[in-house]
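Just so you know, these numbers use all the heavy atoms, side chains as well, and skip hydrogens, waters and symmetry mates.
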Amino acid sequence: MDQKTKELIDGLNEDLANEYAAIIMYNNYAAVVSGMYRQVLKPFFEGEVTDEQTHALYLAEKIKTLGGEPTTKPADVKQTDDVKTMLEAAKESEEETIARYKTRAKQADDLGLIELQIKLEDFIADETGHMEELQRLLSDPRMQ
């Protein structure tokens, strides 16, 4: 395996660990959110779990296809029961994910892995939608 492919696989494993963390984070937030925001945020957080699971499965399969071994360890997850902190942590997670996927899409392009590049660009679009929704939730005057 050449060095560029190894670097891509290592990066994809970092992405996979962070998708696992996002699944745990959103699942936890859906379970612990309370107060007047519960009715809105519980289904929102639950909906995010499905997208992150789809991303994680794709990444794990692509890592294996490229000759790597998919990680089984999630990145660290920030635990909280404060609604504003949940939304801020989720937004930060989405921003970091977008940045990583942009790097990974460039690596895929450099290796001529067009399908992977396009899929990562689709993931960037998904994560951008998530981030924008979180920004809108955080813009509520009660969150200030």
Tyr37/Asp140 under side chain to side chain contact (heavy atoms under 4.5 Å, CB included): CA gap, chis, key distance, verdict: CA-CA 11 Å; Tyr37 294 103; Asp140 184 314; 4.2 Å; yes
Shortest non-hydrogen contact between Val49 and Asn27, atoms and distance: CG2-N, 3.7 Å
Salt-bridge contact Asp2-Lys4 (side-chain N to carboxylate O under 4.0 Å): no
So, for Leu59 and Tyr101, which heavy atoms are closest and what is the spacing to 0.1 Å? CD1-OH, 3.4 Å
Can you tell whether the side chains of Asp15 and Arg104 come within less than 4.0 Å, N to carboxylate O? yes
Which atom of Asp76 lies closest to which atom of Ala21, heavy atoms considered: O-CB, 4.0 Å
Walk me through it: do Phe44 and Leu134 pass the test side chain to side chain contact (heavy atoms under 4.5 Å, CB included)? CA-CA 10 Å; Phe44 172 75; Leu134 288 159; 3.6 Å; yes
Whether Asn13 side chain and Thr71 backbone form a donor-acceptor pair below 3.5 Å: yes
How close do Ala22 and Glu52 get, heavy atom to heavy atom, and via which atoms? CB-CG, 3.8 Å
Interatomic distance, Glu19 atom CD to Leu12 atom CG [nearest 0.5 angstrom]: 11.0 Å
Is the ring pair His130/His55 parallel, tilted or perpendicular, if the boundaries are 30 and 60 degrees? parallel
Are Phe45 and Leu138 co-members of a hydrophobic cluster defined by side-chain heavy atoms under 4.5 Å apart? yes
Under-4.0 Å salt bridge between Lys42 and Glu46: yes
Rounded to the nearest 0.5 angstrom, the CG-CE distance for Leu41 and Met36 is 10.0 Å
Give the C-alpha distance, both sets of side-chain angles, the deciding distance and a yes or no for side-chain hydrogen bond (donor to acceptor under 3.5 Å, both in side chains) between Arg100 and Thr97. CA-CA 5 Å; Arg100 278 193 315 276; Thr97 298; 3.1 Å; yes
Using a 4.5 Å cut-off on heavy atoms from C-beta on, say whether the side chain of Tyr29 contacts that of Thr80. yes
Look at the side chain of Thr85 and the backbone N and O of Asp81, then say whether any donor-acceptor pair between them is shorter than 3.5 Å. no
Quick check against the 3.5 Å criterion: does Asn18 have a side-chain atom that pairs as donor or acceptor with the backbone of Glu14? yes
Check for me, please, whether Leu120 and Ile114 land in the same ILVMFWY cluster - side-chain distances under 4.5 Å, paths through other members count. no
Is it the case that over 12 heavy atoms from other parts of the model lie below 6.0 angstrom from the CD atom of Gln39? no
Scan side-chain atoms only and decide if Ser139 and Arg136 contain a donor-acceptor pair under the 3.5 Å cut-off. no
